[in-house]
Amino acid sequence: MATNQYDYDAVIVGARCAGSPTAMLLARKGYTVLVVDKATFPSDTISTHLIHPPGIAALQRWGLFDRVLAKGCPPIDTYAFDFGPFTIIGTPASAETRVAYAPRRTVLDKLLVHAASEAGAEVREGFTVEQLVIEDGCVTGVRGHGESGRTVTERARVVVGADGRYSMVAKATRPEQYNEKPQLQASYYAYWSGLPMNGRFETYIRPHRGFAAWPTNDDLTLIICGWPFAEFEANRKAIEATYLTTLDLVPSFADRVRGARREERFAGASVANYFRRPYGPGWALVGDAGYNKDFITAHGIQDAFRDAELCATALDETFSGASDFDVAMGGYQAARDAQVLPMYEFTCQLATLEPPPPEMQHLLAAMRGNQDAMDGFARTVAGATSPAEFFSAQNVARIFAVAA
Ligand SMILES: Cc1cc2nc3c(=O)[nH]c(=O)nc-3n(C[C@H](O)[C@H](O)[C@H](O)COP(=O)(O)OP(=O)(O)OC[C@H]3O[C@@H](n4cnc5c(N)ncnc54)[C@H](O)[C@@H]3O)c2cc1C
């Protein structure tokens, strides 16, 4: 459908959780799409990969969920939040999907790339975009190279940056950045065998420390440990010791780990928190390139899926002439921001690893034994219920009334 002036309707930079679904959804609507990534697939990336039910629901809508299942990834139907004096145990079920899954990125990203290609998008792996082509203030293409090293230019009606939190598309277009917060915590993770989780996501929250564990492919369990960003540099020299000392804060869990075996080396990161205006003349941003929050609530993958759907819908509206680019993309930005802002604030509060404020501690304590409230909390962390709704005055009053 691209006009003669362009090679493609869309060139998408980055082919993981945001890029491949955007390419797939546009290609399914009949648009010509090129999606490139400097990586080749399957490949890993520094990220754990819990996908809450709303993210699984997106995979179901796209007809891809059975492929995740076929790779033998176990379901997670129970979330347990251990705050020390008490534990809140609930189900993260959303209206559409009861369970979460945590497919390895080697599995998930490969499957997404394949789905984009199957939908008709041209996929170019091992291709690095070096710069954007900008004419009269409008992005009209990309310049980059594949494995041969030869520089090529590809022109498109829109260039979509799905190139992660160090996005070169964002660096080149310099979008307005807002609601910024600094790095708050740092985490390291590793995969363990011999540590059955029985369908549970378990998280342990202690002052200035936290860790979580959940099952993934190949009978492995992922354990991630976090500490405040202020300790990031110092602890980099002693990752294993800091990780194991963190687990020792919960002796019963440390005992389980002593019977398990670490199968891979430690990986970890600390990330900044920001929103970026996700569009401008000839360009758009999806996934971490456009919006990022700390991974403590594990929302990045489902956020990338949501962006792919919203952005592909907005681009369809502009390509088809149904809407002006700025109007449609402004709608994408407004919908994204409205959906994520309450979770952004909640996540950034958790990521300080400070003990919850006293009123939150009272509320959490009041939930004990109240299964509806505990399920509501689990659904809130999963993004199936908005924190604005769960922490509304009315719902909080209801929880205290039951506890009285
Ligand atoms: C430690 C950690 C743990 C996390 N845990 C979770 C979790 O449990 N659950 C969850 O939902 N989220 C988690 N996240 C967040 C999640 O990883 C991201 O939100 C998600 O990967 C965003 O997807 P994306 O497609 O936007 O970016 P990415 O996955 O970063 O993909 C960007 C792609 O762009 C490519 N690229 C970049 N520049 C170029 C270029 N110039 N040319 C060509 N290609 C380029 C890269 O090679 C890469 O493949 C975690 C993140 C971290 C750091």
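Read the numbers this way: they start at 1 and go in the same order the structure lists the ligands and their atoms. Computed from a prediction, not measured in an experiment: that's the story for all the values here.
Ligand 1 places these atoms under 4.0 Å from at least one heavy atom of I46: 52 (C), 53 (C). Atoms of ligand 1 found under 4.0 Å from any heavy atom of M168, numbered from 1 in the order shown, are 41 (N). Of all the atoms in ligand 1, the ones that sit under 4.0 Å from a non-hydrogen atom of F127 are 42 (N), 43 (C).
Of the possible donor and acceptor atoms, one in the side chain of R28 sits under 3.5 Å from a partner among the backbone N and O of W62.
Within the 4.0 Å heavy-atom cutoff, D37 counts among the residues contacting ligand 1. Ligand 1 lies nowhere less than 4.0 angstrom from a heavy atom belonging to I51.
Summary of contacts: the protein heavy atom closest to atom 36 (N) of ligand 1 is D163 CB, 3.8 Å. Looking at atom 45 (C) of ligand 1, its nearest protein heavy atom turns out to be K38 CG, 3.9 Å. In this structure, the protein non-hydrogen atom closest to atom 5 (N) of ligand 1 is T48 OG1, 2.6 Å. The nearest heavy-atom contact from the protein to atom 17 (O) of ligand 1 is S47 OG, 2.6 Å.
Ring to ring, Y79 and F377 are not that close: their centroids are 6.0 angstrom or more apart.
By the 3.5 Å distance cut-off applied to N or O atoms, C17 is counted among the residues near ligand 1. At least one N or O atom of D288, backbone or side chain, sits closer than 3.5 Å to an N or O atom of ligand 1. Below 3.5 Å of separation, one finds no N or O of A269 facing any N or O of ligand 1. Not a single N or O atom of V271, backbone or side chain, sits closer than 3.5 Å to an N or O atom of ligand 1. Of the N or O atoms in R105, one or more lie within a sub-3.5 Å distance of an N or O in ligand 1.
With a 4.0 Å cut-off on non-hydrogen atoms, H49 touches ligand 1 through its backbone and not its side chain.
Here E118 pairs with R67 in a salt bridge; the nearest charged N to carboxylate O distance falls below 4.0 Å. Salt bridge annotation for D9-R157: present, with a cationic side-chain nitrogen under 4.0 angstrom from a carboxylate oxygen.
Ring geometry, F253 versus F211: the interplanar angle falls from 30° to 60°, so the pair is classed tilted.
Scanning for salt bridge (Lys or Arg N to Asp or Glu O under 4.0 Å) contacts around R277 gives an empty result, with sequence neighbours left out.
Side chain to side chain, S392 and R398 fail the donor-acceptor criterion of an N or O pair below 3.5 Å. A donor-acceptor contact closer than 3.5 angstrom is absent between the side chains of H52 and Q302.
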